[in-house]
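Just so it is clear, the model here is predicted, and its values are computed rather than measured. When a ligand or atom number is given, it counts from 1 through the structure's own listing order.
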Amino acid sequence: MDWGDNIISGLEWSAEITNREGKERVGMNIANKMKDRDIIGVGSGSTVYIALLAMAKRIRHESLHIQVIPSSMEISMTCIQLGIPQTTLLDKKPDWTFDGADEVDPNNNLIKGRGGAMFKEKLLICNSKETYIIIDESKFVDKLGSKFPVPIEVFPISLPYVEQEVRALGATDVILRLAKGKDGPILTENGNFIIDAWFSLIDNGLENRIKSITGVIESGLFIGYDVKIIKS
Ligand code: 5RP
């Protein structure tokens, strides 16, 4: 039985969407990649949201049988609104995944995680045969860390230790991400904190060095992943 009209059906994107036209172009592009019966991993963020709108139209008009695996509650609720069927990684392996990014360097290395969903986003990318990163021009940088810090999801009681170790890796500033609409720090969908760490130098080994700190769940650094970039 369906719930009928409820709080989820009335939800809207929570912030202003910048570069909407560019996002609509890459959204159409990714929607056109869908084939009947695909299982698709879905990242998070406003570009992904816009792409889902285009995908939902194609699914409806062409009666496609698609299942998606969302990386966040935000995207899961969007799929509920749009009537896109969902499954989980426990049950299905994605044929392909698409996601956004905050920064993309000339070697297709990424910073992600402004939306705090990088753990499940990375899990989806690791589980997929193919991944498309959909971006507008504003996401290209010469050097990772130019505009965005590296988000790091941290098991809460390990916060002081992780801060100490991240600073020892060369972070010049480490900030605890605070919530809007709740007092105190953000809690991720996995019940953890996020710290945002600024580095003046991000080399190819930094992702693994961060990940090896006890208490770190995951970081938003994606170095050397086999991803295809689709730009607007
Ligand atoms: C969320 C992400 C997003 O993909 C990234 O922040 C890009 O978002 P947007 O498309 O809104 O610019 O990594 O964790």
Side-chain angles (χ1 to χ4, degrees), residues 11-31 40-55 68-79 94 96-105 108-128 131-141 144-154 175 177-180 185-198 202 207 210 216-223 225 227-232:
L11 279 177
E12 286 178 9
W13 186 254
S14 53
E16 189 205 342
I17 297 183
T18 55
N19 297 327
R20 186 159 189 136
E21 277 181 18
K23 288 175 183 174
E24 282 172 349
R25 275 197 300 274
V26 280
M28 283 298 292
N29 196 328
I30 206 78
I40 304 171
V42 182
S44 296
S46 60
T47 317
V48 166
Y49 168 76
I50 300 266
L52 280 174
L53 302 181
M55 290 168 85
V68 300
I69 307 178
S71 60
S72 62
M73 290 302 289
E74 161 224 350
I75 288 302
S76 175
M77 289 194 280
T78 300
C79 292
W96 52 280
T97 285
F98 71 98
D99 201 349
D102 301 309
E103 289 189 353
V104 179
D105 83 0
N108 294 351
N109 298 315
L110 318 171
I111 289 183
K112 294 181 40 54
R114 177 203 51 75
M118 60 275 185
F119 176 46
K120 287 189 195 149
E121 291 169 343
K122 199 172 276 189
L123 208 49
L124 281 175
I125 291 175
C126 292
N127 277 269
S128 296
T131 296
Y132 300 98
I133 300 296
I134 52 174
I135 51 163
D136 60 75
E137 297 287 340
S138 69
K139 307 298 177 72
F140 285 114
V141 292
L144 286 187
S146 308
K147 298 181 186 165
F148 279 84
V150 177
I152 303 173
E153 182 164 348
V154 177
I175 297 156
R177 200 182 288 186
L178 298 179
K180 296 188 182 109
I186 272 184
L187 289 177
T188 68
E189 289 176 17
N190 316 307
N192 298 310
F193 291 159
I194 292 180
I195 54 174
D196 288 305
W198 288 94
I202 295 179
E207 179 182 356
I210 293 174
V216 166
I217 308 297
E218 196 44 88
S219 83
L221 270 184
F222 291 64
I223 309 274
Y225 289 66
V227 295
K228 295 182 179 62
I229 307 295
I230 303 186
K231 63 177 167 56
S232 59

Listed partners of F148 passing ring pair (Phe, Tyr, Trp, His ring centres under 6.0 Å), at least two apart: none

Set of ring pair (Phe, Tyr, Trp, His ring centres under 6.0 Å) partners for Y49, sequence neighbours left out: W13

Tell me whether E207 is salt-bridged to K122, with the criterion being a basic N under 4.0 Å from an acidic carboxylate O. yes

Taking distance alone, no hydrogens or angles, what donor-acceptor pairs closer than 3.5 Å link side-chain atoms of residues 108-120 to residues at least two apart or in another chain?
from: N109; atom 1: OD1; to: G224; atom 2: N; distance (Å): 2.7
from: N109; atom 1: ND2; to: D105; atom 2: OD2; distance (Å): 3.1
from: K112; atom 1: NZ; to: D99; atom 2: OD1; distance (Å): 3.1
from: K112; atom 1: NZ; to: D99; atom 2: OD2; distance (Å): 2.9
from: K112; atom 1: NZ; to: G100; atom 2: O; distance (Å): 3.0
from: K112; atom 1: NZ; to: E121; atom 2: OE1; distance (Å): 3.0

Below 3.5 Å only, please: the N or O atoms of ligand 1 paired with protein N or O atoms, distance on each line.
from: ligand 1; atom 1: 4 (O); to: S44; atom 2: O; distance (Å): 2.8
from: ligand 1; atom 1: 4 (O); to: D99; atom 2: OD1; distance (Å): 3.4
from: ligand 1; atom 1: 4 (O); to: K112; atom 2: NZ; distance (Å): 3.1
from: ligand 1; atom 1: 6 (O); to: D102; atom 2: OD1; distance (Å): 2.6
from: ligand 1; atom 1: 6 (O); to: D102; atom 2: OD2; distance (Å): 3.3
from: ligand 1; atom 1: 6 (O); to: R114; atom 2: NE; distance (Å): 3.3
from: ligand 1; atom 1: 8 (O); to: R114; atom 2: NH2; distance (Å): 3.1
from: ligand 1; atom 1: 10 (O); to: S46; atom 2: N; distance (Å): 3.4
from: ligand 1; atom 1: 10 (O); to: T47; atom 2: N; distance (Å): 3.0
from: ligand 1; atom 1: 10 (O); to: T47; atom 2: OG1; distance (Å): 2.5
from: ligand 1; atom 1: 11 (O); to: S46; atom 2: N; distance (Å): 2.8
from: ligand 1; atom 1: 11 (O); to: S46; atom 2: OG; distance (Å): 2.6
from: ligand 1; atom 1: 11 (O); to: R114; atom 2: NH2; distance (Å): 3.0
from: ligand 1; atom 1: 12 (O); to: K139; atom 2: NZ; distance (Å): 2.7
from: ligand 1; atom 1: 13 (O); to: K112; atom 2: NZ; distance (Å): 2.8
from: ligand 1; atom 1: 13 (O); to: G113; atom 2: N; distance (Å): 2.8
from: ligand 1; atom 1: 13 (O); to: E121; atom 2: OE1; distance (Å): 3.3
from: ligand 1; atom 1: 14 (O); to: G115; atom 2: N; distance (Å): 3.4
from: ligand 1; atom 1: 14 (O); to: A117; atom 2: N; distance (Å): 3.3
from: ligand 1; atom 1: 14 (O); to: E121; atom 2: OE1; distance (Å): 3.3
from: ligand 1; atom 1: 14 (O); to: E121; atom 2: OE2; distance (Å): 3.1

Carefully, step by step, assess T131 and T97 under the rule side-chain hydrogen bond (donor to acceptor under 3.5 Å, both in side chains). CA-CA 5 Å; T131 296; T97 285; 4.9 Å; no

Step through the shown structure and confirm whether more than 12 heavy atoms of other residues, nucleotides or ligands are within 6.0 Å of CE on M77. yes

